[in-house]
Amino acid sequence: MKSASKKYPGRLIGWLVMIFLIVVIVPVGTVMFVISGLWSALDRILLKFNR
């Protein structure tokens, strides 16, 4: 099993990609969630004002 030493960098890159995706997607998803919540709230307020 000499391929273990060659496998390690690939596994490290995989972990880095996973961490990068988590670090990028989680804040973006949170921001999108907050924006959509604010958007719906603004929409309701504007509807009340239009009446």
Hydrophobic side-chain clustering at under 4.5 Å (ILVMFWY, transitive links): who's grouped with [X]? Put none if nobody.
X	result
Ile25	Ile13, Val17, Leu21
Met18	Trp15
Val26	Ile22

Quick one: side chains of residues 31-42, donor-acceptor pairs under 3.5 Å with protein atoms, not counting sequence neighbours, listed by atom name and distance.
| from | atom 1 | to | atom 2 | distance (Å) |
| --- | --- | --- | --- | --- |
| Ser36 | OG | Met32 | O | 3.4 |
| Ser36 | OG | Phe33 | O | 2.8 |
| Ser40 | OG | Ser36 | O | 3.4 |
| Ser40 | OG | Gly37 | O | 2.8 |

